[in-house]
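First the structure, in the form of structure tokens, and then the observations on it.
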Amino acid sequence: MKYFTLLILLLANTALAKNYDITFPEKLKSNLGPYSPQVYLFNQDQSLIYKVKRQDDNLLSRFKLKTPLRESETVKKALEFFMKEPAIFNEKGFTLFIFISSEESGDCPPCDAQMDIIKKIQGKLKDKLLVHTLTLIESAFTIDDLPEGYRPVIIGKPKAKEE
């Protein structure tokens with residue numbers, strides 16, 4: 001019976017985990033930056049306790065952190081902007097959000113390595129970790145789709161139109 005209950009909890013937690021697709025212009029509209037991988041770790045109180053904008057081989061040790069970061073609410077709102085719905089948090093453990101690049105966007109060895117690390121952590125923490133994956137997908141966009149600060153600057157005079 002004990003194992004059956006554990007299995008049900010694990011399956012329920014896996015069902016809550018979600019994957020989201022995000023375009024490059026959408027990613028730039030947040031204050032989180034265009035980097036991949038990015039990891040945001042929240043505790044059971046829905047407080048951000050760790051964030052990193054690169055691969056972290058020691059991610060498991062970050063689960064011991066207790067002090068919430070100041071930008072917890074700002075990051076939570078930015079993540080919900082991408083998800084277009086309220087974030088689902090694990091009330092009995094940790095919730096991890098990871099930004100990765102899709103395979104279509106090109107190889108991202110740090111993304112792959114970070115996902116391998118997260119899978120190992122999931123195996124150890126089981127129902128105490130909920131992982132949401134936000135994937136930066138390949139999409140067609142124009143310069144006008146980019147936020148103002150990311151648009152290329154034209155140097156020199158524009159050519160006059162010939163009639």
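All residue numbers in this chain count up from 1 along the given sequence.
- A 4.5 Å side-chain heavy-atom check between Arg62 and Leu59 finds at least one atom pair inside the cut-off.
- The shortest side-chain heavy-atom distance between Leu69 and Lys51 falls under the 4.5 Å cut-off.
- Scanning all heavy atoms of the two residues, the minimum distance from Ser36 to Cys111 falls at CB-SG, 3.7 Å.
- Residues Leu134 and Phe97 form a side-chain contact, since some pair of their non-hydrogen atoms from C-beta on lies under 4.5 Å apart.
- Closest non-hydrogen pair, Thr95 versus Ile88, comes out as CG2-O, 3.7 Å.
- A cation-pi arrangement is found for Lys76 relative to Phe89, the charged atom lying closer than 6.0 Å to the ring centre and inside a 45° cone about the ring normal.
- Residues Phe42 and Leu79 have side chains in contact (heavy-atom distance under 4.5 Å, counting atoms from C-beta outward).
- Looking only at side-chain heavy atoms (C-beta outward), Leu32 and Phe99 come within less than 4.5 Å of each other.
- The heavy-atom pair separating Gln55 from Pro110 by the smallest distance is OE1-CA, 3.3 Å.
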When you look at Ile98 and Gln114, which way does the side chain to side chain contact (heavy atoms under 4.5 Å, CB included) test go after all the steps?
-> CA-CA 9 Å; Ile98 179 165; Gln114 193 68 70; 3.6 Å; yes

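- Annotation: side chain of Lys124 is in contact with side chain of Leu60 (closest heavy-atom distance under 4.5 Å).
- Classification of Asp127 and Lys92 as a salt-bridged pair fails, no side-chain N sitting under 4.0 Å from a carboxylate O.
- Pro68 approaches Ser47 most closely through the heavy-atom pair CB-CB, 3.8 Å.
- Counting heavy atoms from C-beta outward, Glu85 and Lys18 have side chains that approach closer than 4.5 Å.
- Put simply, the side chain of Ile100 reaches to within 4.5 Å of the side chain of Met115, judged on heavy atoms.
- Closest of all the heavy-atom pairs between Val131 and Ala17 is O-CB, 3.1 Å.
- The ring of Tyr50 has its center no closer than 6.0 angstrom to the ring center of Phe63.
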